[in-house]
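Excluded from the calculations below are hydrogen atoms, water molecules and symmetry mates; all remaining heavy atoms, backbone and side chain alike, are included. When a ligand or atom number is given, it counts from 1 through the structure's own listing order.
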Amino acid sequence: MRILISNDDGYLAPGLAALVRACEGLGEIDVIAPEQNASGTSNALTLTRPLSVFEARGEHARGFRVVNGTPSDCVHVALTGLLGHRPDLVLSGINNGANMGDDTVYSGTVAAAMEGYLFGVPAIAFSQAEKGWAHLDAAAATARAVVEQVLAQVTAGAEPWLLNVNIPNRADASTLPRMVTRLGRRHASEPVIRQTSPRGEPIYWIGPAGDARECGEGTDFHAVAAGCVSITPLQVDLTDHAARPAWVARFAGRSA
Ligand code: MN
């Protein structure tokens, strides 16, 4: 079993070290992570400059390889030449904060896992529901338990899959029920925060994500609020299949 681990909070993030430690003994582990915090970079690839890779030093990042790019860059470079082998599993996280509902579209954590999935490798993105790393060890134990639960699905050589896992920040996280969910929806983001730079120019900070709007039973928001670990199977196909017939009718006979 060969496991590639990345994240979006950067190679020094406690969540990455915790996930790596938790996966010890499950197989051969490679860690390739962004040099800087790349949260919110979604599936971005760096196309306008080359990428550098260096080996990290320091107690919590020893042996980690670091890329001066995005989470998707890390996994992309790993799978297309850097690793020299094809991993059996790609893991991402553990993220500092939830990736539920609309977050998944912006998330670099989900994107790192998705990059593996796009290359045909099963992948899991892990996030803690609240920021601040409270009960990170429990989240890491939960992540390991989830990986162990799906290991059989990895070796079966079946179609690749992509799971998005959100873990409540609780000391008993690893004993919580694991619920398979669908994505909820958030309200639109809060407004930008306008400030004035020291040079007197207006500057804007992106505002915080909106609160949960569609958070009924069956959603990731609902599961986490109910004290469960949320596991959402994701797909990449953004087609609105339900709306397609209506659009076909609207455009029928109107082509130039
Ligand atoms: Mn992050």
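Closest approach of A61 to L12, counting heavy atoms only: CB-CD2, 4.4 Å. Residues P177 and G227 come closest through the heavy atom pair CD-O, 3.9 Å.
Ion pairing between a basic and an acidic side chain is recognised when a charged N comes within 4.0 Å of a carboxylate O; E217 and R182 show no such pairing.
With a 6.0 Å cutoff to the six-membered ring centre and a 45° limit on the axis angle, R250 counts as a cation-pi contact of W247.
For the 3.5 Å distance criterion, the side chains of N166 and S230 fail to qualify, holding no donor opposite an acceptor. Residues T181 and T232 bring a donor and an acceptor atom of their side chains to less than 3.5 Å of each other.
At a cut-off of 2.8 Å, measuring from the Mn ion (ligand 1), the protein N, O or S atoms that fall short of it are D8 OD1, D9 OD1, S39 OG, N95 OD1, waters left aside.
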